[in-house]
Amino acid sequence: MSILPSAPRFAHHDVPLGIGEASPPVSWTTSAPDGWTQAAYEIEVRRVSGTTTTGRVPSDQQILVDWPADPLVSRERADARVRLWGSDGSASAWGAWGSVEAGLLDAGDWHAEAVGAPWVENEDKDLRRPPLLRRAFSTGDLERARLHVTAHGVYEIEINGARVGDDVLNPGWTVYSERLRVHTYDVTDLLAAGENVIGAWLGDGWYRGRLGFTHHGHTFDMYGDDLSLIAQLELTHADGTTTTIATDASWRASPAPILSSGLYDGETYDAREEQDGWSSPGFDDAGWEPVAVRPARPERFVSPEGPPVRCTEQIAPARVLTSPSGARILDFGQNFTGRVQITVSGAAGETVTLRTAEVLQEGEIYTRPLRAAKSTDRYTLRGGGAETWEPRFTMHGFRYVEVSGWPGSIDDAVANGDIVGRVHHSDMRRTGWFESSDPSLNTLHENVVWGTRSNFVDIPTDCPQRDERLGWTGDIQVFAPTASFLFDSAGFIENWLADVAIEQLDDGTVPWFVPTIPGGPTWNPIRTGAVWGDVAVLTPLTMHERFGDAHVLEAQFDSATAWVERMIREAGPERLWRTGHQLGDWLDPAAPPEDPADARTDRFLVAQAYFAYSTARMAQFARAVGRTLEAERYARIAGQARDAFRSEYVLPDRRLTSDAQAAYALAIRFDLLSAGERIAAGDRLAELVREAGNRIATGFAGTPVISDALTDTGHLDEAYALLLETECPSWLYTVRMGGTTIWERWDSMLPDGTVNPGDMTSFNHYALGSVADWMHRVIGGLAPAGPGYQRVLWAPQPGGGLDHAEVRFDSPYGEIRGSWRREAGGIRYVLETPTGVDALVRLPGADEQTLAPGSVLERFVPTP
Ligand code: BGC
């Protein structure tokens, strides 16, 4: 077998077009004979100005290595390829070329203004009708065309009647005042010599639509009250000259068939208002008005780091139900984030109404958990044949849809495929899989995947269905390790972390949700709280650990230290943190529905545990970016905080002051105890689990650590018992109750099938799904032991009566696959690693061994 590097990948881009990095780091995977290791690489870069090469660079690195040439300039395209040398003296041929193209990197590249409707809008902000915008222009022969586009609001573009791309809800949600994302499209094929038309749909989205939670009031016009398009279409002609068509006063506007549209509330569309051919040549726009023009402020424009939101799957209804009240309800059989697409025929003026819900109660759609989100789409037919429609600028989290006003038979429509669910989320590459011999465990894992898909919708949200959908910092802090195994989430999360740094207060306090919006007295002014605030330190470290991205540590260093310094000041010279707004072990199942922070574990114990842990991790963070002095200081303070934890919360008999699962789990997992205390804590934790009948007693803080805490202290059986329990509360209780996602509360649905009376009851929250990370690392056995999985620890710990388990991970280096299976007289283990990844292998009952990069280990370990 010969040695061959792949075409290079640039930064975290799946499609490196219009990127914002002038010097994008380069990665490749390598196919090579077993055991082959890289000793050197060479990267050649070809661009209009010429070809350059790094020459032979002695290095074993292949992930995110520095851009090997002069920085790209705006619009510049470059090709790059790689060749390699092995430690054994071997040499590869050149790999395939990969191409990258920069977007507009400087504010000075922009001529576009922000253009929108010139008319006075409805005073009721819920009922503002968005405009359509258009501009006709002529061109000669074209070599290439690029569209750079963003908006105040959300947009969809059409050129000559065809939709540009398939991205949804662009530009997504960032702190628009500081960072507004511009997407770049290659639209060469949509244009032709002669007359052309570019047109845009707009919607309120996050920019000016309704945001916020029921009890704290809603916010409109968070970033402004205009709805505007900012676009620059750059045409390069055959003779090398260029023409730019930018949004300016020459564009025209007319009311859209969308009568109103909101992320929470749904969309109302009247097809009788459609204007045929509006985005095509030959349309008479004399009735359209000149647009209103505002400044575009390009100094805040950035390019996307991660993928856009797209429809990634279509699902047909599994059942069509008739409710006791006579309503017709479609059950998609899966809770997901997305929308419904209908194809309908009927008379002009008939209106189909679609209302979504996550659950049924007494046979009817149950919408109380949606709180003030109306989640209702309305389509009024234009008549005259089949009409296909899907709302453009809303999103719902649902499994059921109540359909009313359908002309004709709904059953026939479903049978004909005329009503489908369209799953939407940030279109990240799936990278991780887990399977075992236990079907309910596999369902649980599948539910975690659906929880990720449902809540990675441009920002990491808490939930997709109710009037919230905010980037809650604590939720992603605990879930990022799981998400990073399941999906290539690096670009997605790193983009959001940049906003965390922006929204962080001057005193280092990290907001509860990013981007921040007014949240009423509970959340504003923003007070300091552990677990949530720790995202600033722990999540960049997760990105480094899982994706080998050191750049994110540099980028987030100031944000991370600001958070740790904030805790240090709050804790004072005693290094004991007893202040702040602490949510503690949020949603402990014993907390009353109306007070989810009233947990069994002292909320200040949780804060102290996080203070000590994050400060210790901050020392590693500082060391990784070469800040030795800071590293030493944080290590010292972390030690003091640990001592303070012990004197405040560990009793002389080695019990903790909160004799609760979360307390022991945090103390063990965050390494806050002496050796003797740790053993005692592990024993007590295991005892508490047994006493609880293996039912979970932890919330957002304890759940992500309890399984590891048991495992690390030698209580593997209890860890499995907890995972495999099916009574309420437990993970598999949710599976037994028919859950298809991870719930916000252990008992979002009560054992009698009714919905938890709490005001916060989502069926699609990912935090409690963080146990999947343990399933990958302990059942499947695969854990990163070096940044980006350059080195892995493979240490499966079979148990729980399972006969078989398998993990598969498409790491930055290529696929890693590990499995074990019980056979007569023992267990057979198999591990496969790609070139570049070596493994430390620890199998129960066998000596530790290492596995060379790019090889296969098969080992049968007999039962003693
Ligand atoms: C959200 C969360 C969040 C919590 C914090 C809830 O409303 O849905 O998941 O972390 O508030 O209080």
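Residue numbers count from 1 along this sequence. Ligands are counted one by one from 1 in listed order, and the atoms in each one are counted from 1 as well. Computed from heavy atoms alone, side chains included, the values below leave out hydrogens, waters and symmetry copies.
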Legend entry - Criterion side-chain contact (heavy atoms from CB on, under 4.5 Å) against T698, the qualifying member of L722, D585, V705: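 The option that passes is D585.
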Any atoms of ligand 1 less than 4.0 Å from a non-hydrogen atom of [X]? List them with their elements.
X    : value
M760 : 6 (C), 7 (O)
L583 : 5 (C), 12 (O)
W586 : 4 (C), 5 (C), 11 (O), 12 (O)
E744 : 8 (O)
H765 : 1 (C), 2 (C), 8 (O), 9 (O)

For [X] and [Y], does a side-chain donor sit closer than 3.5 Å to a side-chain acceptor?
X    : Y    : value
D507 : T509 : yes
W173 : Y223 : yes
T452 : W450 : no
H396 : S375 : yes
R469 : T461 : no

Which part of [X] is near ligand 1, with near meaning a heavy atom under 4.0 Å away: side chain, backbone, both or neither?
X    : result
R466 : side chain
L470 : neither
W532 : side chain
W512 : neither

Check for me whether the distance between the ring centres of [X] and [Y] falls short of 6.0 Å.
X    : Y    : answer
F456 : F492 : yes
W523 : W472 : yes
F670 : Y610 : yes

Inset, instruction - Look only at interatomic distance and state if W523 has a nitrogen or oxygen under 3.5 Å from any nitrogen or oxygen of ligand 1. - result: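 No; the residue has no nitrogen or oxygen that sits under 3.5 Å from a nitrogen or oxygen of the ligand.
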Inset, instruction - Tell me which protein heavy atom sits closest to atom 6 (C) of ligand 1, plus the residue, atom name and distance to 0.1 Å. - result: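 Scanning the protein heavy atoms, the shortest distance from atom 6 (C) of ligand 1 goes to E468 OE2, 3.4 Å.
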Legend entry - For atom 5 (C) of ligand 1, the protein heavy atom that lies nearest, with its residue and separation: W472 CZ3, 3.3 Å
Inset, instruction - Answer yes or no for F700: is there a heavy-atom contact with ligand 1 below 4.0 Å? - result: yes
Inset, instruction - Please work out which of T473, D475, D759, T461 has its closest non-hydrogen atom nearest to atom 10 (O) of ligand 1. - result: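 Among T473, D475, D759, T461, the closest heavy atom to atom 10 (O) of ligand 1 belongs to D475.
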